[in-house]
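Here the structure is a predicted model, which means the values were calculated and not measured.
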Amino acid sequence: MDKTDSDTELDIGKRCLHNRTTSSLDSSDKSYSLCGISVTETGTISETLISELGTEKLAKGCLERYADEAGDSRYASKNISITDSVDSVNSDDSLEAETIILREEIIFKAIQNIKNSMQVDLCFVLDCTGSMAKYINAAKNCILQVVRHMENTNPNIKLWVGFCGYRDHCDNSDRIQILDFTDSYSKFKSYISDEVKAKGGGDAPEDVLGGLDAATNKMKWSHRTRILLHLGDAPPHGRRFTNKPDSYPDGDPNGLTAEGVLKNLQSEEILYYFGKITNQTDKMIDDLEVLTRKLFEAVCSSITSSVTLTSITDENVYVRSRRELEMDKNVPDWKMLPVNTGKLLHYLPPKTLDDIKNKKYFKNKSNLILRKFSYKLAPKPFSSGAERYAYYALDATREQTEEIVIKECIDLGKKANSLERYLEMIEVSTVAHFLSAKFNLAAKQIGIKKKVNFLKSQALRYKDGSDVRCYAVEPKFRDGLFKRFNVNRGVIKEYHSTLEAFAHFTYEYTGGYLVVYDLQGVELSNKFLLTDPAIHCKNRLRFGRTNLGKRGIEVCFLANHKCGNVCEKLGLAKISK
């Protein structure tokens, strides 16, 4: 179902409409309302901004940023030929050709990391003393549910499961039990059922450090994503951990320390998750079915979170280089903060699919709307993702202030705060908003009432003397629990048929040109309200560093997508693997 980029009209089933008029947005979507701004408001772009927004300036900035991200090793990858890298270049522009080569090098490395991260070693480390019978049974019942769930929602993730049980030093040969990693889940379940019994234990503490040390050093960890899920109801030996009766008050008799064990886990790049079991939870978990469900949810969450983390880098996951800022989740006292003034920019809404595919639409300064903007900014971020910090802020442009969120790119080189990077982010937001309006229109025709909406984002440029800063500005979520539903690197964290259908719709509607993914935000009764999407696009010079090109579409979406009932109702074509 791959079509050329020149296709402007697609028949997505008989019920999926593509309106070729000047606008197909709902009447409520005909103008922007973010922070009080409408598309009719215009401003004069200064000479400085004209220089910054020039096509050549933006292209050069993009090249410099990609070179910076690639570590300036421009043609280092021996696996990439220049012919393959410039296969889509229709221009003699050497700058563009060179940028494509750099982008392809980054994409190639990213895709390899993603594929490797999908190979997962999952180790259950359990206290196997007498009080833990319920948890041993839950682990046995949980694993097949986890496997089935992963096969249904993330078939690209391959699991190898292992087990390490521990008791106490007085249990001698029964102190440590190990089943090394296997991809036979029936073998895992049988081992726990037949070989692992809740017994033993002496005083209140248990040989926790011995169990963790054995799991780290006596098991054959061989895959990129390494997860250790530890369940226990007693502390390690030593006065520093407990004031209960302890046969080894000076600590582990074999000389193990918590610091040493955790350091070893980190050096082996094993991601450690601990499920603390206390007396206060006993009533809640007396029901084995409830306990199994809670363990199932914890395991699935640990898998998807760990795969996402390891897919970002091929370096040690504990040594990610980034600028760390102190967080503050409290809303500041706005009366104590100054009002800043900057320039706010956003794009005129595109009217057609041709506008979306035409990269020049977003390089054309006449499609940019600019206005003066007054705001207050919290001194510390309240949250941080992989790409951005989020700050509380106030739109102080009008007499009645409005709560908003301002986002700043995490340092990823000297070009992290460039205006062109933020305009790239706004371009992604604009495209996602356009396609969500098309999806909602098509969904409405077949009786699907739940909409997919995106917060409208704008770029902010602030200048204080010689200091120039750029940010992204968007409305603040008012209701709902913020969640990440899927990840642009090919992981579904919480499956929703509507959201996966939306991604499928963007792929088919654009003729395979792009897919909108990395869907995160809140679920309300009548809609999903989303922010910070990512786009994989055949044109590797668009949509920023999270765009992994055609390979990203194939590996991070097509390889993992299973059509649900919304895809079927929309008449979307089945994706062949």
Side-chain angles (χ1 to χ4, degrees), residues 71 109-110 112-128 139 157-167 169 175-183 188 205-232 234-238 240-241 248 250-276 298-299 301-324 384 386 410-412 487 489 491:
K109 186 177 181 181
Q112 291 303 116
N113 288 344
I114 289 169
K115 289 181 177 180
N116 291 337
S117 74
M118 300 298 174
Q119 310 294 303
V120 179
D121 287 336
L122 172 64
C123 177
F124 289 83
V125 177
L126 264 67
D127 177 340
C128 291
I157 294 178
K158 173 67 174 174
L159 291 174
W160 285 262
V161 292
F163 178 85
C164 179
Y166 65 89
R167 296 181 179 86
H169 296 281
R175 181 172 67 92
I176 301 292
Q177 273 188 270
I178 288 178
L179 172 67
D180 219 336
F181 294 105
T182 176
D183 59 359
F188 177 91
E206 311 295 358
D207 187 19
V208 176
L209 299 184
L212 294 175
D213 181 68
T216 304
N217 296 309
K218 294 183 179 181
M219 299 184 69
K220 296 178 181 178
W221 299 84
S222 57
H223 297 99
R224 173 64 182 127
T225 300
R226 303 175 177 186
I227 303 169
L228 189 155
L229 185 66
H230 176 200
L231 292 176
H237 287 284
R240 60 184 293 200
F241 299 112
Y248 303 96
D250 295 329
D252 183 89
N254 295 320
L256 295 174
T257 65
E259 291 80 7
V261 169
L262 292 176
K263 184 177 180 180
N264 202 10
L265 282 168
Q266 292 183 5
S267 68
E268 295 297 323
E269 298 192 70
I270 300 170
L271 296 166
Y272 175 65
Y273 297 87
F274 176 55
K276 184 179 181 181
V299 173
S301 177
S302 69
I303 291 171
T304 54
S305 297
S306 299
V307 168
T308 300
L309 180 62
T310 55
S311 71
I312 294 173
T313 177
D314 60 350
E315 299 174 342
N316 190 308
V317 291
Y318 287 98
V319 195
R320 288 191 62 205
S321 177
R322 56 184 282 180
R323 178 168 58 106
E324 294 291 349
S384 172
I410 292 174
D411 284 346
L412 292 166
V487 183
R489 301 176 93 81
V491 177

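- Nearest heavy atom pair, residue I410 against residue S384, reads CD1-OG, 3.9 Å.
- Using modelled atom types and a 3.5 Å distance limit, the side chains of S117 and T225 yield no donor-acceptor pair.
- In this structure, G162 and F188 approach most closely via the heavy-atom pair O-CE1, 3.5 Å.
- The CZ atom of F274 lies 10.5 Å from the CG atom of L229; values are rounded to the nearest 0.5 Å.
- The two residues R489 and S311 come nearest to each other via the heavy atoms NH2-O, 2.8 Å.
- Taking CD1 of I312 as the start and CG of N113 as the end, the distance is 10.0 Å to the nearest 0.5 Å.
- Here E268 pairs with R226 in a salt bridge; the nearest charged N to carboxylate O distance falls below 4.0 Å.
- Between the SG atom of C164 and the CG atom of L212 there is a distance of 8.0 Å, given to the nearest 0.5 Å.
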With salt bridge (charged side-chain N to carboxylate O under 4.0 Å, His left out) as the test, would you mind laying out the steps for E259 and R240 before giving the verdict?
-> CA-CA 13 Å; E259 291 80 7; R240 60 184 293 200; 2.7 Å; yes
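- With N254 contributing its side chain and L256 its backbone, the two residues share no donor-acceptor pair below 3.5 Å.
- With rounding to the nearest 0.5 angstrom, the CG atom of L271 is 9.0 Å from the OG atom of S302.
- Closest of all the heavy-atom pairs between D127 and G232 is CB-CA, 3.9 Å.
- Shown are F124, Y166, Y273; of these, the ring-ring contact (aromatic ring centres under 6.0 Å, His included) with H230 is made only by Y166.
- Put simply, CG on L231 and CG on L126 are 5.0 Å apart, with the number rounded to the nearest 0.5 Å.
- No donor-acceptor pair under 3.5 Å is formed between the side chain of D121 and the backbone N or O of F181.
- Here I270 contributes atom CD1 and I227 contributes atom CD1; the two are 11.0 Å apart, rounded to the nearest 0.5 Å.
- Among all heavy-atom pairs drawn from H237 and P205, the shortest one is ND1-CB, 3.6 Å.
- A side-chain donor-acceptor contact under 3.5 Å links T304 to the backbone of S301.
- The side-chain heavy atoms of S306 and V120, taken from C-beta on, include no pair separated by under 4.5 Å.
- At least one donor-acceptor pair under 3.5 Å links the side chain of N116 to the backbone N or O of Q112.
- A salt bridge links D207 with R175: the closest approach of a Lys/Arg side-chain nitrogen to an acidic carboxylate oxygen falls below 4.0 angstrom.
- Taking every heavy atom of both residues into account, M219 and C123 meet most closely at SD-SG, 3.6 Å.
- Remark: the backbone N or O of D213 is paired with a side-chain donor or acceptor of N217 at under 3.5 angstrom.
- Scored by the ring pair (Phe, Tyr, Trp, His ring centres under 6.0 Å) test, F163 finds no partners at all (sequence neighbours excluded).
- Put simply, the side chain of I303 reaches to within 4.5 Å of the side chain of I157, judged on heavy atoms.
- Counting non-hydrogen atoms of other residues, nucleotides and ligands closer than 6.0 Å to NZ of K158 gives a total above 12.
- R224 places no side-chain N or O within donor-acceptor distance of the main-chain N or O of M118, the cut-off being under 3.5 Å.
- The backbone N or O of D180 sits nowhere less than 3.5 Å from a side-chain atom of W160 that would complete a donor-acceptor pair.
- When side chains are defined from C-beta on, H169 counts as touching D252, because their heavy atoms get closer than 4.5 Å.
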